[in-house]
Amino acid sequence: MYYSNGNYEAFARPQKPEGVDRKSAYIVGAGLASLSAACFLVRDGQMKGEHIHILEEMDIAGGACDGINDPQKGFIIRGGREMENHFECLWDLFRSIPSIETEGVSVLDEYYWLNKKDPNYSLMRATVNRGEDAHTDGKFTLTDKASMEIVKLFMTRDEDLYDKKIEDVFTEEFFESNFWLYWRTMFAFEEWHSALEMKLYIQRFIHHIGGLPDFSALKFTKYNQYESLILPMIKYLESNGVDFQYNTTVTNVIFEITEDKKVAKQIICTKDGKEETIDLVEDDLVFVTNGSCTENSTLGDDNHAPALNTSEGGCWRLWRNIAAQDPSFGRPDKFCTNINKTNWESATVTTLDNRIPPYIEKVCKRNPFSGKVVTGGIITAKDSSWLMSYTLNRQPHFKEQPDNQLVVWVYGLFTDVDGDFIKNQ
Ligand SMILES: Cc1cc2nc3c(=O)[nH]c(=O)nc-3n(C[C@H](O)[C@H](O)[C@H](O)COP(=O)(O)OP(=O)(O)OC[C@H]3O[C@@H](n4cnc5c(N)ncnc54)[C@H](O)[C@@H]3O)c2cc1C
């Protein structure tokens with residue numbers, strides 16, 4: 001899709017690029033970005049599927065868009081992803097990805113019909129005192145001064161925000177507002193995070209400010225994102241002959257660097273524990289889509305808190321090795337060295353006790369077993385020390401989920417302080 005001038009160029013199909021039959025693509029990672037790159041190469045680039053190689057360090061695709069039914073640990077989702085109208089590339093892509101649920105329709109058709117019939121909005125955005133309405137009541141509670149601070153951030157040049165924290169650009173009046181509560185819990189921002197990143201998010205989601213208090217701006221998939229988005233893409237790519245190589249960690253891409261260009265010459269990877277190299281020729285394309293959101297994540301269980309994993313991780317090692325070759329490849333350490341300030345914790349809870357769903361219904365004001373929107377986005381326990389939020393998306397959230405169970409995703413923003421009922425450690 002090429003949205004350069006109205007929709008004139010948006011719907012015309014590209015002509016087959018010259019020489020594409022000679023080309024191959026190597027894509028590092030098998031998350032949403034990688035799978036999308038591969039789908040676009042097949043659909044628009046008209047590259048032969050068997051010329052596309054996806055190299056993934058894990059034994060499963062999907063990256064941060066996971067949804068796993070682990071025989072030992074049960075249902076696991078590390079994130080509950082909110083979507084909206086202006087995911088331009090995503091919707092363009094999914095109009096071409098066949099549904100794996102209903103024959104003859106696309107993933108986008110199905111998603112659109114579902115959200116039209118059952119639009120998302122929340123009836124309880126935040127609670128206090130373990131389930132009582134915190135009465136945010138759709139209000140931003142922004143003072144004039146706090147509103148001006150938002151506008152000022154919006155108008156500040158990116159360069160002037162380098163190395164500035166959110167707490168450097170806002171005052172207490174802003175931090176006391178409902179706006180900040182909605183914002184920080186929805187996007188997982190803490191006061192010491194980047195002011196520039198906050199500005200970029202405001203720019204990106206400015207059209208949703210009105211729908212922020214009740215999440216009417218958002219849309220959700222039928223099941224978790226792995227089953228609803230990732231699996232259909234994998235099926236599409238496999239049916240086109242794309243080559244998936246799992247348990248393959250790319251450790252470096254060697255570049256030949258001259259004054260006016262940088263050319264990838266070799267991929268170095270470890271496959272099933274053995275080092276391998278892939279020599280690249282002029283017709284090879286390399287895409288590095290190594291993500292990071294869930295790199296180094298560890299799983300706990302009913303009896304153990306997840307242990308903090310501070311090892312380097314494939315995503316960061318690769319970026320560091322690439323960055324070492326030229327400063328224009330960025331500075332990974334800026335993003336990965338302050339683990340105490342950037343970590344977060346989430347949990348997937350399955351209700352096995354039939355006494356729990358009535359409490360959920362009382363709080364969210366909807367029947368969680370209706371198959372329709374339940375909480376309509378996160379509910380924040382405003383007075384919890386970890387600033388916990390939780391969400392129940394449409395149930396069942398997993399196709400295999402038994403009828404009498406509910407899957408809840410919970411996350412805590414402040415992992416550096418003790419919890420209210422169980423101490424941190
Ligand atoms: C808790 C949570 C909530 C979220 N909420 C939202 C939301 O509400 N809305 C929204 O739009 N987005 C949300 N996201 C973000 C969204 O899920 C990610 O932006 C998106 O999935 C990233 O896709 P990606 O392919 O870029 O990266 P990833 O999904 O991280 O994929 C990268 C892949 O590369 C692999 N990899 C990394 N290094 C190497 C290597 N060296 N060699 C081989 N393979 C490698 C990884 O194993 C992984 O599979 C959320 C994410 C999380 C974790």
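Remark: Lys23 engages Asp283 in a salt bridge (Lys or Arg N to Asp or Glu O under 4.0 Å) (not counting sequence neighbours). In this structure Phe335 satisfies the ring pair (Phe, Tyr, Trp, His ring centres under 6.0 Å) test together with Trp319, sequence neighbours excluded. Remark: Tyr111 engages Trp91 in a ring pair (Phe, Tyr, Trp, His ring centres under 6.0 Å) (not counting sequence neighbours).
Using a 3.5 Å distance cut-off with no hydrogens or angles, the side chains of Thr102 and Glu110 do pair a donor with an acceptor. Counted by atom type alone, Asn224 and His397 present zero donor-acceptor pairs between their side chains at under 3.5 Å. Counted by atom type alone, Ser122 and Arg366 present zero donor-acceptor pairs between their side chains at under 3.5 Å. Asn393 and Lys222 share no donor-acceptor pair across their side chains, judged by distance under 3.5 Å alone. A donor-acceptor pair shorter than 3.5 Å cannot be found between the side chains of Ser106 and Arg95. Between the side chains of His207 and Glu84, at least one donor N or O sits under 3.5 Å from an acceptor N or O. Using a 3.5 Å distance cut-off with no hydrogens or angles, the side chains of His193 and Glu191 do not pair a donor with an acceptor.
Note on Lys165 versus Asp168: no salt bridge recorded, every NZ/NE/NH1/NH2 to OD/OE distance being 4.0 Å or above. A salt bridge links Lys16 to Asp21: at least one charged side-chain nitrogen sits closer than 4.0 Å to a carboxylate oxygen. A salt bridge links Asp118 and Arg394; the closest N-O separation between the charged side-chain nitrogens and carboxylate oxygens is under 4.0 Å.
Between Ser36 atom OG and Met233 atom CE the span is 3.5 Å, to the nearest 0.5 Å. Note: Leu237 CG to Cys39 SG = 4.0 Å, rounded to the nearest 0.5 Å. To the nearest 0.5 Å, atom CH2 of residue Trp192 and atom CG of residue Asn340 are 10.5 Å apart. Here Arg81 contributes atom CZ and Ser228 contributes atom OG; the two are 11.0 Å apart, rounded to the nearest 0.5 Å. One distance of note links CZ of Phe421 with OG of Ser385; it measures 9.0 Å at 0.5 Å rounding. Rounded to the nearest 0.5 Å, atoms CZ (Phe398) and CG (Asn69) are 7.0 Å apart.
At distances below 3.5 Å, at least one donor-acceptor pair connects side-chain atoms of Thr258 with backbone N or O atoms of Lys261. A donor-acceptor pair is defined here as one N or O able to donate and one able to accept, closer than 3.5 Å; no such pair exists between the side chain of Lys365 and the backbone of Glu361. Judged purely by atom type and a 3.5 angstrom limit, Asn240 uses its side chain to pair as donor or acceptor with the backbone of Tyr236. At distances below 3.5 Å, at least one donor-acceptor pair connects side-chain atoms of Ser34 with backbone N or O atoms of Gly29. No side-chain donor-acceptor contact under 3.5 Å links Thr375 to the backbone of Ile378. Judged purely by atom type and a 3.5 angstrom limit, Ser24 has no side-chain atom pairing as donor or acceptor with the backbone of Asp284. Without hydrogens or angle criteria, Thr248 side chain to Leu55 main chain gives no donor-acceptor distance under 3.5 Å. At distances below 3.5 Å, not a single donor-acceptor pair connects side-chain atoms of Asn120 with backbone N or O atoms of Lys219. Not one N or O on the side chain of Glu345 forms a donor-acceptor pair closer than 3.5 Å with the backbone of Thr415. Under the 3.5 Å distance criterion, the side-chain polar atoms of Gln46 are left unmatched by any main-chain donor or acceptor of Val20.
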- [ ] Verify salt bridge (charged side-chain N to carboxylate O under 4.0 Å, His left out) between Lys73 and Asp302, making sure each step is shown before the conclusion.
- [x] CA-CA 9 Å; Lys73 297 187 189 231; Asp302 286 347; over 6 Å; no

TODO: Step by step, work out the side chain to side chain donor-acceptor pair (under 3.5 Å) result for Arg43 and Ser96.
DONE: CA-CA 8 Å; Arg43 188 191 76 177; Ser96 309; 2.7 Å; yes

- [ ] Test Ile27 against His53 for side chain to side chain contact (heavy atoms under 4.5 Å, CB included), laying out the working first.
- [x] CA-CA 6 Å; Ile27 310 182; His53 311 278; over 6 Å; no

TODO: Assess whether side chain to side chain contact (heavy atoms under 4.5 Å, CB included) is satisfied between Phe179 and Ile150, documenting all intermediate values.
DONE: CA-CA 10 Å; Phe179 180 92; Ile150 299 175; 3.8 Å; yes

TODO: Apply ring pair (Phe, Tyr, Trp, His ring centres under 6.0 Å) to the pair Trp386 and Phe414, showing each step before the final yes or no.
DONE: CA-CA 5 Å; Trp386 275 30; Phe414 304 130; 9.3 Å; no

TODO: Could you walk me through whether Tyr223 and Gln401 pass side chain to side chain contact (heavy atoms under 4.5 Å, CB included), step by step?
DONE: CA-CA 10 Å; Tyr223 301 110; Gln401 197 178 313; over 6 Å; no

Task: Verdict with supporting geometry, Ile379 and Cys364, side chain to side chain contact (heavy atoms under 4.5 Å, CB included) - done: CA-CA 8 Å; Ile379 297 178; Cys364 73; 4.0 Å; yes

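Annotation: Asp160, atom CG; neighbour count of heavy atoms from other residues, nucleotides and ligands within 6.0 Å is above 12. Around OH of Tyr8, the count of heavy atoms belonging to other residues, nucleotides or ligands within 6.0 Å does not exceed 12. Around the CD atom of Glu18, the shell of radius 6.0 Å holds no more than 12 heavy atoms that belong to other residues, nucleotides or ligands. For Glu159, the CD atom counts as densely surrounded, since its 6.0 Å shell holds more than 12 non-hydrogen atoms of other residues, nucleotides or ligands. More than 12 heavy atoms of other residues, nucleotides or ligands lie within 6.0 Å of NZ in Lys262, so this atom counts as buried by the packing criterion. The local environment of CZ in Phe87 is crowded, with over 12 non-hydrogen atoms from other residues, nucleotides or ligands closer than 6.0 Å.
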Can you give each donor-acceptor pair under 3.5 Å made by side-chain atoms of residues 271-282, sequence neighbours left out, with the distance rounded to 0.1 Å?
from: Lys271; atom 1: NZ; to: Gln245; atom 2: OE1; distance (Å): 3.2
from: Asp279; atom 1: OD1; to: Gln266; atom 2: NE2; distance (Å): 2.8

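Among pairs with a residue in residues 249-302, those fulfilling ring-ring contact (aromatic ring centres under 6.0 Å, His included) read Phe255-Phe329, at least two apart in sequence or across chains. The salt bridge (charged side-chain N to carboxylate O under 4.0 Å, His left out) contacts involving residues 309-331 comprise Glu312-Arg317, Glu312-Arg320, Arg320-Asp333, where partners must be two or more places apart or lie in separate chains.
Closest heavy-atom contact between Val250 and Cys269: CA-CB, 3.8 Å.
Using cut-offs of 30° and 60° for the angle between ring planes, the Phe174 and Trp180 rings count as tilted.
Put simply, the residue from Asn252, Ile268, Ile254 that forms a side-chain contact (heavy atoms from CB on, under 4.5 Å) with Asn321 is Asn252.
The shortest distance between side-chain heavy atoms of Thr136 and Tyr182 falls below 4.5 Å. The side-chain heavy atoms of Val408 and Thr348, taken from C-beta on, include no pair separated by under 4.5 Å.
In this structure, the ring of Phe215 has its center no less than 6.0 angstrom from the ring center of Tyr121. Taking the six-membered ring for Trp and the full ring otherwise, Phe205 and Phe187 have centroids separated by under 6.0 Å.
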